[in-house]
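The model shown is predicted, which means the values in this text are computed figures rather than measured ones.
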Amino acid sequence: MKTYEMLYVLQSDVADEAKEAFIAKFEGIVTSMGGNVVSTEKWGVKKLAYPINYKNDGYYVLMTYEADGKVNKELDRVAGLAVEVLRRFITVKA
């Protein structure tokens, strides 16, 4: 298994419980597909460089995990379908 990092930005106006549930959902995807979550860093609300969907700030989360490449495709698919995600960044090998 390889180590990957994924940075994603959630809408800042979503309730804290919903943010935690979404973060747990991503971690659950990794573990259910045989991977291991190394760490999840919640960077908090930060100003965006430019507005996205008329939003000026977002809640940043960096997740580091060990998994096979197929997990990346599933995480990208789920992030693309979720309305809570303002921006998902490329998952990189750490």
Check: residues 7-14 side-chain donor-acceptor pairs under 3.5 Å, at least two apart:
residue, atom, partner, partner atom, Å
Q11, NE2, V83, O, 2.9
S12, OG, D57, OD1, 3.0
D13, OD2, K55, NZ, 3.0

Tell me whether [Y] is reachable from [X] by hopping between hydrophobic residues (I, L, V, M, F, W, Y) whose side-chain heavy atoms are closer than 4.5 Å.
{"X": "M33", "Y": "F26", "value": "yes"}
{"X": "V45", "Y": "I23", "value": "yes"}
{"X": "Y50", "Y": "L86", "value": "yes"}
{"X": "I52", "Y": "Y60", "value": "yes"}

Does [X] reach the side chain of [Y], with side-chain heavy atoms less than 4.5 Å apart?
{"X": "E20", "Y": "K42", "answer": "yes"}
{"X": "F22", "Y": "V85", "answer": "yes"}
{"X": "R87", "Y": "L48", "answer": "no"}
{"X": "D68", "Y": "M1", "answer": "yes"}

If you round to the nearest 0.5 Å, how far is [atom2] of [Y] from [atom1] of [X]?
{"X": "E27", "Y": "L75", "atom1": "CD", "atom2": "CG", "answer": "10.5 Å"}
{"X": "S32", "Y": "K25", "atom1": "OG", "atom2": "NZ", "answer": "11.5 Å"}
{"X": "I29", "Y": "Y65", "atom1": "CD1", "atom2": "OH", "answer": "10.0 Å"}
{"X": "D76", "Y": "M6", "atom1": "CG", "atom2": "CE", "answer": "6.5 Å"}
{"X": "T3", "Y": "N36", "atom1": "OG1", "atom2": "CG", "answer": "9.0 Å"}
{"X": "K2", "Y": "E66", "atom1": "NZ", "atom2": "CD", "answer": "13.0 Å"}

Legend entry - A67 versus G35, closest heavy-atom pair with distance: CB-CA, 4.1 Å
